[in-house]
Every structure is written in C-alpha cells, then in structure tokens.
Amino acid sequence: MKIELMKITLKDTKEIWEMQVKAFKELLDKYQDFETNPASEPISNIEMRLKQNFTFFYFICVDNKKVGAIRIIDYKEKYKNKRISPIFILPEYRNKGMAQSAIKICEEIHGNNNWELSTILQEKGNCYLYEKLGYHSTGKTQVINDRLTLIFYEK
C-alpha cells in the first residue's frame, strides 16, 4: 500500500467538502458539535482556506485513490508552529495506518519541528495516534459541550 499526497486546488473545493462531510458525519451525530465539526461547515469555508497562502491542503491517496485529506497551516516562519487542521480518512479506509503515514509525509515536507493540533479527548483512538507519532498534550483543553472536549497537542 503506497500512500501519497496530492495538492488540492480551488477546483477541488466541492470534492474535498463532500469528503469532509462524509468523514466527520459520524462524529457530528455522536457529539452534536454543530459549531465546530467540519461536517457542518459550509463549502465557502473550504474555498476560503484554499485561497489562503499559508494553507496546504492535500488529498491522501492510496494506489491513486483519494481516501482522505489533510490540511497544514504553515506560515513558513522559523519559530511559528505548523498546525494540522483537519485530517480525515473516509470511514471505509480507516484503521489501516493511512493517517499516520500522511502526517509523517507532511512532517517531511513542512519540517519536523513546531507542530500543533487538537482532537476530541473522548476519541481515544485519535489521541493514541498522535501520541504514537510523538505529539504530547499541552495540558490545554476546551469544553465544547457536555459530550465533547478538545485536547491540544504539540510536537
């Protein structure tokens, strides 16, 4: 299984938005976090991000099939953190190491130091993935609602 990243462009806006909605729908249903969940955001947010010069959005591809995506916020400043927000794998492709591989590739492309991200504290698999990749909790959390708390990581 060969993991590759393919740069997303403005012409891919609708496709990436549809994939994002599909990937995050289960979490939206579970946590009802309509203000923060990527499945509930309008397509215009994707378009806006794709126009940002500090956003690098990639399809995660396996054997030339688009299985997910990752967005890197990278201001290209020496001591400024890079941020993963969001990363997702479509449901039918999960738990095969694709997200882990995509993050490693992004770290090679954008540099191994000064990374941050946040995830859902209640999603232990997500927390395990990031910790396995060397990310550690900053101790900061943000309660979204009575079901969901974000936890912040850095590397």
Side-chain angles (χ1 to χ4, degrees), residues 1-28 31 33 35-121 123-138 142 150-155:
M1 174 174 67
K2 183 167 171 45
I3 307 283
E4 295 179 303
L5 299 184
M6 184 173 79
K7 190 95 164 76
I8 296 172
T9 65
L10 208 49
K11 70 176 178 50
D12 301 311
T13 302
K14 186 173 189 283
E15 182 179 12
I16 192 65
W17 177 73
E18 288 172 347
M19 289 175 70
Q20 179 174 289
V21 169
K22 182 177 180 183
F24 284 99
K25 184 176 182 338
E26 182 181 323
L27 292 174
L28 180 62
Y31 295 110
D33 57 324
E35 305 302 316
T36 59
N37 188 298
S40 66
E41 73 178 2
I43 193 170
S44 60
N45 285 12
I46 301 290
E47 184 176 354
M48 175 198 64
R49 288 186 190 115
L50 286 168
K51 291 178 179 177
Q52 295 169 331
N53 66 351
F54 52 85
T55 285
F56 301 84
F57 228 138
Y58 305 96
F59 284 115
I60 301 168
C61 302
V62 176
D63 303 324
N64 296 316
K65 177 139 185 69
K66 296 170 186 169
V67 300
I70 184 170
R71 175 180 173 236
I72 306 300
I73 301 165
D74 185 355
Y75 293 97
K76 303 286 187 185
E77 296 175 19
K78 191 171 185 175
Y79 298 104
K80 185 112 170 138
N81 280 358
K82 296 167 282 276
R83 181 169 179 75
I84 299 171
S85 178
I87 181 171
F88 61 85
I89 302 294
L90 293 171
E92 60 269 31
Y93 299 104
R94 291 183 185 151
N95 300 313
K96 295 180 171 82
M98 296 172 192
Q100 179 177 330
S101 294
I103 291 170
K104 287 179 180 177
I105 294 168
C106 285
E107 289 174 348
E108 289 172 15
I109 293 169
H110 293 274
N112 290 315
N113 299 323
N114 301 74
W115 285 90
E116 64 182 39
L117 58 86
S118 57
T119 193
I120 300 170
L121 178 63
E123 292 295 316
K124 298 303 178 198
N126 290 358
C127 296
Y128 175 76
L129 165 67
Y130 301 128
E131 290 167 10
K132 184 166 74 168
L133 286 166
Y135 288 78
H136 58 274
S137 171
T138 65
Q142 179 184 354
L150 291 179
I151 182 169
F152 294 81
Y153 284 92
E154 64 185 9
K155 180 177 183 184

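Keep in mind that this is a model prediction, so the values were computed, not measured.
Taking CG of N113 as the start and CD of E107 as the end, the distance is 9.5 Å to the nearest 0.5 Å. A distance of 10.0 Å separates CG in L117 from CZ in F152, rounded to the nearest 0.5 Å. For the atom pair E131 CD and S137 OG, the distance stands at 7.5 Å (nearest 0.5 Å). The CD atom of Q100 lies 6.0 Å from the CG atom of L129; values are rounded to the nearest 0.5 Å. How far CD1 of I87 is from OH of Y130: 5.5 Å, rounded to the nearest 0.5 Å. Here the straight-line distance linking atom CD1 of I72 with atom CZ of F54 works out to 13.5 Å at 0.5 Å rounding.
Annotation for F24 and P86: closest pair CZ-CB, 3.9 Å, computed over non-hydrogen atoms. Nearest approach of Y153 to I151, heavy atoms of both residues: CE1-CG2, 3.6 Å. Minimum interatomic distance between S101 and I3 (heavy atoms only, all atoms of both residues): CB-CG1, 3.7 Å. Summarising the geometry of V62 relative to M98, their closest heavy-atom pair is CG2-SD, 3.7 Å, with the distance given to 0.1 Å. Closest approach of Y58 to I8, counting heavy atoms only: C-CD1, 3.4 Å. Nearest heavy atom pair, residue W17 against residue P42, reads NE1-C, 3.7 Å.
Annotation: side chain of L90 is in contact with side chain of E92 (closest heavy-atom distance under 4.5 Å). Between L121 and L150 there is no side-chain heavy-atom pair separated by less than 4.5 Å. The closest side-chain heavy-atom distance from S118 to R83 is below 4.5 Å. Inter-residue side-chain proximity for Y31 and I120 is flagged as met; some heavy-atom pair is nearer than 4.5 Å. Contact of the K96 side chain with the V67 side chain is not registered, since no non-hydrogen atoms from C-beta on lie closer than 4.5 Å. A 4.5 Å side-chain heavy-atom check between E4 and N64 finds at least one atom pair inside the cut-off. N114 has its side chain out of reach of K80: every pair of non-hydrogen atoms, C-beta onward, lies at least 4.5 Å apart. Side-chain contact between I70 and C106 is present, with heavy atoms from C-beta onward closer than 4.5 Å.
Donor-acceptor pairing under 3.5 Å is lacking for the side chains of R71 and Q20.
Within a 6.0 Å radius of CD in E35, no more than 12 heavy atoms belonging to other residues, nucleotides or ligands are found. Heavy-atom neighbours of K7 NZ from other residues, nucleotides or ligands within 6.0 Å: above the threshold of 12. Atom NZ of K104 is surrounded by 12 or fewer heavy atoms from other residues, nucleotides or ligands within 6.0 Å. Counting heavy atoms of neighbouring residues, nucleotides and ligands inside a 6.0 Å radius, atom NZ of K2 does not exceed 12 of them. The number of heavy atoms from other shown groups lying within 6.0 Å of CG (N95) does not exceed 12. Atom NZ of K25 has 12 or fewer heavy atoms from other residues, nucleotides or ligands within 6.0 Å.
With K82 contributing its side chain and N112 its backbone, the two residues share no donor-acceptor pair below 3.5 Å.
The cationic group of K76 lies under 6.0 Å from the six-membered ring centre of F56 and within 45° of the ring axis, placing it in a cation-pi geometry.
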Are K14 and E18 close enough, and set up right, to give a salt bridge (Lys or Arg N to Asp or Glu O under 4.0 Å), and what steps lead you there?
-> CA-CA 6 Å; K14 186 173 189 283; E18 288 172 347; 2.5 Å; yes
Full working for side chain to side chain contact (heavy atoms under 4.5 Å, CB included) between K22 and F88 | CA-CA 10 Å; K22 182 177 180 183; F88 61 85; over 6 Å; no
T119 and Y135: CA distance, side-chain angles, deciding distance, side chain to side chain contact (heavy atoms under 4.5 Å, CB included) verdict = CA-CA 12 Å; T119 193; Y135 288 78; over 6 Å; no
